[in-house]
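Here is the naming used below: chain letters follow the sequence lines, and residue numbers restart at 1 for every chain.
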Amino acid sequence: GGQQSATRDQVRAVGSSTVYPFAKAVAESLARSDATIKAPIIESTGTGAGMKLFCAGIGPQHPDIEDASRRMKKSEFDECVKNGVKEIVEIQVGLDGVAFAEGSNGPGIALTPEDVYKALAKSPFGKPQTAKTWKDVNPALPDEPILVYGPPSTSGTRDALKELILVRGCESDPAMKALKDSDKKQHDAVCGEVREDGAYVDAGENDNLIVQKIEANPKAIGVFGYSYLEENKDKLKGLTMAGVSPTYETISDFSYPGARPLYIYVKKAHLKAIPGLQAYVNEWAKLWSKGGVLAKAGMVVAPDDVLAASSKAASELPVLDGTQLK
Amino acid sequence: MNAPVPAAEAANQSAATVFPDPVGASKISARGVSVFYGQKRAIDDVSIEIPQNYVTAFIGPSGCGKSTFLRSLNRMNDTISGARVDGEILLDGVDIYRSGMDVVQLRARVGMVFQKPNPFPKSIYENIAYGPRIHGITASKGELDGIVEQSLQRAGLWDEVKDRLSDSGTALSGGQQQRLCIARAIAVDPEVILMDEPCSALDPIATARVEELIDELRGRYAIVIVTHSMQQAARVSQRTAFFHLGKIVEYGTTSDIFTNPKEEKTKDYITGRYG
Amino acid sequence: MNAPVPAAEAANQSAATVFPDPVGASKISARGVSVFYGQKRAIDDVSIEIPQNYVTAFIGPSGCGKSTFLRSLNRMNDTISGARVDGEILLDGVDIYRSGMDVVQLRARVGMVFQKPNPFPKSIYENIAYGPRIHGITASKGELDGIVEQSLQRAGLWDEVKDRLSDSGTALSGGQQQRLCIARAIAVDPEVILMDEPCSALDPIATARVEELIDELRGRYAIVIVTHSMQQAARVSQRTAFFHLGKIVEYGTTSDIFTNPKEEKTKDYITGRYG
Amino acid sequence: MSPGILFFLAFGLGLVGWLAGRSRAWAFRKTAPGGRIHSLPDFHAWYVGLWIAVPTLLFALLWDAISPGLVLQSVLSDPAAAALPAFGFEREAMMGEARAVATGAARAVFNSEAEGLVEPYRAALARYNTIGLVVTLVIAFAGGAFSFLRLRPDFTARTRVERAVMGMLFIASLVAILTTIGIVASLVFETVRFFGMVSPVDFLFGTHWAPDPMSTGTPDGSAFGAIPLFWGTIYIGAIIAMAVAIPLGLMSAVYLTQYADNSVRKIIKPLLEILAGVPTVVYGYFAALTVAPAVRDAAQAIGISNASTESAMAAGLVMGVMIIPFVSSMADDSIAAVPQAMRDGSLAMGATRAETIRKVLIPAALPGIVAGIMLAISRAIGETMIVVMAAGAAANLTANPFESMTTVTFQIVAMLTGEGSFDHPATLSAFALGMVLFLVTLTLNFIALRVVKRYREAYE
Amino acid sequence: MNTFQDPATLEAARASRQARMQAGLASRYRSDALFRWAGLGAVSFSALVLLLLLVSMASSGWAGFHRSELRMSVPIRGRLQIDPARLAQPDPLGGLEVAGLPALVKSAASQAFGPEADALISDAAWREVGEKLVTDPSLLTRNVIEVSVPASDDLANAQRGGGDAALRQQAANLAREGKLVRAFDTGFLVRSDATNPQSVGIWGALKGSMMTMLVTLLLAFPVGVLSALYLEEYATRNRWTDIIEISINNLAAVPSIIFGLLGLAVFLAAFPNYRSAPLIGGMTLALMTMPVIVISGRNAIKAVPPSIRDAALAMGASPVQVVFHHVLPLALPGILTGTIIGMARALGETAPLLMIGMRAFVASPPSDFTSPATVLPVQIFLWSDEIDRGFVERTSAAIVVLLIFLLVMNGIAIYLRNRFEKRW
Ligand SMILES: Nc1ncnc2c1ncn2[C@@H]1O[C@H](COP(=O)(O)OP(=O)(O)OP(=O)(O)O)[C@@H](O)[C@H]1O
Ligand SMILES: Nc1ncnc2c1ncn2[C@@H]1O[C@H](COP(=O)(O)OP(=O)(O)OP(=O)(O)O)[C@@H](O)[C@H]1O
Ligand SMILES: [Mg+2]
Ligand SMILES: [Mg+2]
Ligand SMILES: O=P([O-])([O-])[O-]
């Protein structure tokens with residue numbers, strides 16, 4: 001487009017639906033605290049689609065910030081560089097947990113990543129999936145049918161489920177770990193694919209519906225972002241994972257296996273051009289502390305050392321080195 | 001076709017014939033009938049006796065109420081919202097507008113043929129069988145076949161269509177369609193047949209066939225025909241009623257009306273002074 | 001309104017009058033005209049001379065092409081897709097189908113009145129003023145008012161509507177509407193007026209008024225009228241053309257056609273043998 | 001000078017020409033024999049007006065497109081521009097700021113570096129504005145003079161103006177074709193790319209749909225079998241929804257056309273139209289919040305244990321309700337198109353109203369009704385929000401209506417608003433799905449419209 | 001076969017037929033009645049569903065027009081160091097913030113509700129107090145003013161019966177004392193989207209909708225009407241017109257989401273700057289609405305009796321004059337009806353706008369046609385997806401607003417149609 005308007009007067013952020021509510025809160029707070037700045041526009045496109053938009057180039061038609069519920073991939077970074085987006089600042093803003101929960105009157109079973117992997121994988125350790133009940137998976141577990149409501153493959157929460165729980169459970173078998181180096185594709189298939197015979201139910205992007213479903217069926221288990229568990233404490237009960245229950249603290253110190261970092265990526269080239277961009281980044285730093293606005297909105301605050309590093313990043317804006325990425 | 005036509009009426013136009021008093025042999029008697037469309041009075045206090053076994057023609061200028069009156073004879077006006085009939089119309093002495101009158105049965109007894117041929121978009125056979133079927137007149141397929149054949153015979157259509165009874169009724173020519181409609185009407189064996197300008201959409205040859213048919217049918221039914229063509233009225237009817245502005249101006253034998261009208265208005269109309 | 005009517009024609013039906021040779025005084029001459037609708041030939045090689053200051057009637061059974069031929073005289077057939085005219089039609093000696101002919105100007109010279117009165121859904125005044133407006137005939141409001149009054153006068157409608165010129169034209173009665181349409185046509189002061197069954201939607205009294213009007217107007221215009229009613233043709237016209245199956249069977253003075261037809265077909269039609 | 005002013009100028013000059021042409025034509029009329037000229041003065045006026053306004057407007061559009069570049073060039077050649085950062089976007093942003101200040105759109109610059117550019121900008125703007133203005137005036141004058149000099153009493157202004165009007169109408173009607181081309185083009189490229197990665201056979205005939213937008217490497221064609229989506233779409237849109245909409249819609253139409261009297265019809269018909277006018281997002285919300293739990297509870301009450309909240313049933317029922325007015329109005333039209341004579345014919349035979357409707361009217365209207373149902377199906381399978389909010393994401397190939405199913409439209413939304421990167425086959429599959437949807441609805445409509453047309457023609 | 005037999009046999013046959021007919025009558029009437037009731041049932045079902053939908057939206061939406069507010073008194077005189085004139089300058093709230101209003105409100109709240117007051121009142125509470133002062137600076141001279149401030153989201157939730165037990169108890173207590181009330185929230189109609197259901201508003205989306213509709217109308221109406229005129233009045237049947245006609249008829253039935261794909265691939269590619277802008281949304285919806293206008297326009301034009309065209313043509317009007325003097329004015333009510341219905345459909349459309357980025361969080365109303373915006377139906381969709389349960393009622397309230405607009409538009413369309421139906 002050969003538009004003549006070579007500038008834009010408000011910040012634009014795209015990306016993760018998980019980060020979206022927090023990014024909104026920061027935008028709102030910024031607009032309130034400084035009347036001269038127009039409220040940033042936040043669009044929930046999902047991390048991947050956001051990356052695509054973010055990396056498409058430099059200029060007013062491209063967003064300034066990418067919200068991500070996972071780290072940028074090497075391939076995405078390369079795409080960015082290819083399109084001239086060379087200086088990117090990575091800031092970890094907080095944490096989210098992939099929480100397992102059941103209805104507050106459910107039996108309350110104790111899970112491990114290995115159990116979950118065995119129960120949900122399409123072909124656990126390369127063998128056909130036969131488990132019907134939790135007991136089939138682990139004799140210590142109750143004799144209840146496996147029924148898990150979880151996010152669809154298009155969502156980042158699902159990605160986290162895969163990376164944080166399933167792959168971890170899978171790699172409890174050293175053979176699988178070895179497979180990773182010998183046959184990446186095979187490893188991904190065995191460790192990452194979720195069964196499709198009805199025991200795992202894709203519940204759509206709307207996590208509220210998962211809450212309703214497990215409320216209605218106490219024997220079912222739901223998988224969703226921690227903020228939903230937080231919001232529905234009265235109706236749901238978190239399940240322990242490897243003995244740790246999903247709470248604010250356990251996620252925050254990574255003792256709960258389902259914790260994952262949330263990031264924002266800032267296009268350094270836009271800093272001077274877009275009024276309010278620096279202020280928006282600063283606003284994040286203002287709000288992400290313990291007891292701050294973001295914590296109230298359900299975000300898990302990162303451990304202190306991470307927070308310190310992030311605050312430094314927010315003020316100094318170091319450029320991301322692509323070689324660290326996977 | 002040896003129909004028992006009353007001897008006195010055998011020769012259609014013989015002017016000297018003396019007609020019996022219509023009231024004596026009347027099939028339908030209208031007594032002080034008025035028809036309204038909403039506020040508008042289309043028929044104004046009409047009384048007339050319609051005899052059995054004759055063809056009665058209604059003539060008159062456009063809009064004078066011929067169709068309206070005709071449709072009140074089998075209560076087809078009921079289907080027009082806002083239409084209302086005052087007065088009495090007796091069929092065999094029973095008022096068809098009395099409460100509790102069954103219109104379904106009435107219409108089975110008083111058949112109707114319309115200006116534009118309106119066969120159903122079904123096969124010829126189904127067109128004829130429609131009436132007997134809905135009324136549950138026949139007990140068996142054989143009986144129904146018999147009725148279909150007989151009705152088509154009477155309508156003079158059998159020879160033309162007997163090999164294609166399963167063709168669509170709408171595939172026939174205009175004249176054939178109209179005869180099909182007549183056959184359909186007589187399939188339920190009515191007592192009266194009303195016809196509203198049955199030939200006005202037909203060409204001269206088809207018209208002649210239908211007129212012939214009407215003449216044959218009157219042996220069995222009372223027939224009332226509305227027509228715009230005075231020539232046609234003269235050709236097919238034995239009684240003629242001249243309507244003007246919702247009233248009957250003159251009623252009498254056809255020969256009287258055409259050769260010796262009593263009223264000035266009738267005369268003007270007959271001689272083409274207006275209309 | 002004191003139009004110069006040729007003395008010989010003053011008495012309408014005087015059978016003894018000798019007509020001048022039509023060709024000599026002709027306003028419109030058709031030469032070998034055929035009209036097609038797609039493949040179908042509706043008019044087949046018709047030639048006729050239509051005189052100035054007379055009423056020429058077209059009669060014939062339904063579908064014989066009267067309207068088609070009439071509409072080819074002011075190129076209204078152009079508006080029907082698929083319609084095509086062969087042959088020549090000369091208006092004052094100039095072919096109206098020649099290339100470069102401006103139909104807008106042609107239609108201002110050859111006005112038309114239709115079967116169903118079709119006033120615009122505007123005020124009476126606007127109905128009449130429309131033609132003068134689009135043709136830019138008047139320079140001032142006063143002049144326009146004058147034309148409106150004069151046209152309504154000529155159409156014999158002025159007294160009935162002069163107090164309600166701003167009422168809608170569609171609020172008039174059928175006969176008044178038709179006279180309004182005639183007034184509208186004469187407001188642009190045409191040379192020829194074509195009328196396609198102008199009275200068939202009217203009641204007898206309105207019909208009489210319009211017929212009277214037609215007779216008055218012919219002093220000023222050439223008038224061509226299509227009619228279904230032979231009586232009407234006899235009453236208003238001085239020339240009659242009898243159409244049959246797309247051809248003119250006979251053309252001559254009205255009195256000749258009705259009292260002394262040369263062709264067998266004409267005779268049959270006149271006497272009501274068909275149609 | 002902003003393009004807005006040029007547009008105003010074009011209109012203003014056009015108006016001047018209009019008035020001039022008109023008065024000239026009036027002058028002709030005064031002297032013309034009989035006061036008649038070929039065309040009305042207004043047409044002369046429009047002729048001149050258009051000759052001025054159209055070229056100047058075109059120039060204004062052109063100038064709008066090229067003048068910023070010219071201004072930019074001239075500012076960049078200014079010594080002050082040498083100090084600008086070399087990098088494109090930032091530099092442009094500063095230029096933008098400077099321009100904003102120069103045109104008065106902003107009060108001050110954010111970046112002080114831009115300060116020095118304001119003056120050069122102002123100067124360049126002034127220069128090019130003057131040029132634009134002069135050229136506009138020249139063009140207007142040329143067009144005006146050319147057209148004005150052609151006016152004569154017998155000048156065919158009307159024909160020419162009307163030809164212009166016709167051209168405008170024709171161009172307007174081309175927009176429809178352009179839109180269709182646009183749709184096909186926007187689908188076709190991505191679809192072809194998709195089929196470069198996943199074989200069409202796998203896509204169209206595979207029974208397993210589980211694309212992983214996060215996966216890397218060569219895509220697994222067997223995860224792109226769209227049959228479950230097609231099945232879900234058909235099951236929800238063409239089976240469940242139609243099982244609701246056809247009987248209810250048809251009976252409503254029958255009731256409204258044949259039984260209800262005028263006053264009832266006057267109330268009910270608008271109600272049905274309102275039902276048709278409720279936005280689909282509201283239906284979706286209603287389905288997800290009210291109908292779906294009720295359906296699930298009902299299913300559980302009759303002993304179906306694995307009934308899902310996001311069931312095909314809930315989405316289908318609500319979609320059916322949404323389609324009722326559509327079916328009913330199509331059926332209404334078809335029944336109304338059956339000539340009154342048919343109905344009279346049947347009633348005159350002594351048929352009851354129900355018999356007339358069942359045995360004559362509906363059979364006669366059947367082609368129209370069937371076509372209407374095809375259109376309704378095409379609308380149901382293209383419906384998005386209801387299924388997005390109530391049907392679910394699970395690509396189940398099942399006949400159990402209480403299970404969750406997904407549809408083509410759901411997957412389009414999910415893939416395009418989900419996590420996949422833009423050239424991932426999972427994302428591209430949205431376009432292939434869109435293509436299938438487009439072709440199917442196109443075919444349905446095409447057939448239906450032909451049927452309707454033939455049917456209408458049958459009754460004239 | 002003899003068609004006319006012995007009269008006595010014939011009479012007998014006739015009598016037996018009539019007897020059979022008589023026998024069937026009762027059941028025929030029964031099935032007639034049944035059919036009628038089935039029809040009435042179908043109509044009533046539709047009406048009932050509509051009623052259910054409207055009532056459920058309205059009742060839940062009514063709650064959505066309310067919010068939880070806390071009543072308290074704030075001491076003013078001598079506590080705010082601000083010149084009343086400052087309130088007339090730009091950013092008066094900034095002035096009040098500097099003058100210490102937030103702390104003042106906080107301390108007043110802890111005075112009224114105890115030490116945890118911070119968690120009870122909304123973060124935005126002081127702003128509402130500030131706005132009150134700005135609208136009426138004379139309040140600055142009062143000792144104490146009584147204010148209602150929005151409760152925090154958690155407290156609002158507790159008042160509805162959610163959240164943890166302690167807070168529920170506290171909410172009940174406050175409500176009993178009359179300090180916590182559900183009050184009609186006029187601000188809902190003037191605020192924009194926010195993260196907290198207590199402080200969201202619909203105005204941003206409404207304005208976005210109106211701007212989008214304006215673009216749609218300005219593009220779709222002229223193009224639609226002109227093409228309808230062309231096709232109905234002038235186009236000669238040829239391959240081109242056939243193609244145009246087929247395109248239009250098909251476009252009218254193309255799923256709306258496909259138009260979204262078009263907008264994504266064409267408009268956003270051409271104008272990447274204008275992602276989420278009413279301009280792009282309006283253009284996309286215009287393509288969707290245009291065929292509706294063309295089709296209804298053609299029907300309206302077709303309904304103008306040919307006799308009027310004939311009359312005008314016979315008067316020597318040119319085809320263009322016939323159309324612009326007679327056909328268009330007479331068809332206009334019909335065209336407008338179709339346009340309103342098409343616009344109403346566009347107003348409720350969601351799916352295509354999701355495809356072109358109109359699902360962004362936009363906290364302020366759009367200032368022009370190219371600034372990012374959202375629209376009512378998308379706002380509804382976004383809110384229906386929110387975690388916070390306070391959004392459930394707000395979603396219904398937004399639906400009520402949308403439905404009111406649609407009902408009004410449909411009402412106008414129906415009125416127009418009834419008023420101008422078949423005047424000739
Ligand atoms: N459905 C109706 N609603 C209102 N008025 C009607 C209706 N049908 C007929 N009329 C009016 O009733 C009067 C008589 O009409 P009717 O059709 O009976 O005349 P007709 O003698 O049959 O005329 P034609 O020879 O033209 O068929 C006319 O003025 C007509 O306008
Ligand atoms: N627009 C048309 N397209 C095709 N055929 C037509 C069209 N108009 C008329 N015809 C046919 O052309 C023939 C002549 O029709 P026309 O209308 O001229 O007859 P008419 O003598 O005026 O009949 P009527 O007395 O019924 O008005 C008829 O066969 C008619 O079917
Ligand atoms: Mg009649
Ligand atoms: Mg004719
Ligand atoms: O949008 P995501 O948080 O699922 O990446």
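Residues B:H135 and E:R28 are in side-chain contact: their nearest non-hydrogen atoms beyond the backbone lie under 4.5 Å apart.
Between E:R17 and B:I137 the shortest heavy-atom distance is CG-CG2, 3.0 Å.
Annotation: B:R98, atom CZ; neighbour count of heavy atoms from other residues, nucleotides and ligands within 6.0 Å is above 12.
Inspection of non-hydrogen atoms places B:D102, B:V103, B:V104, B:Q105, B:A108, B:R109 of residues 99-112 of chain B under 4.5 Å from chain E.
With a threshold of 4.5 angstrom between heavy atoms, B:I147 approaches chain E through side-chain atoms but not through N, CA, C or O.
Under the salt bridge (charged side-chain N to carboxylate O under 4.0 Å, His left out) criterion, the residue pairs touching residues 241-259 of chain E are E:R237-E:D242, E:R237-E:E245, E:E245-E:R298, with sequence neighbours excluded. The ring-ring contact (aromatic ring centres under 6.0 Å, His included) pairs that include a residue from residues 17-37 of chain E number zero, where partners must be two or more places apart or lie in different chains.
Shown here are the side-chain contact (heavy atoms from CB on, under 4.5 Å) partners of E:I246, two or more places apart in sequence or in another chain: D:F446, E:N250.
Within the model, atoms CD of E:Q18 and CD of B:E191 stand 5.5 Å from one another, a figure rounded to the nearest 0.5 Å.
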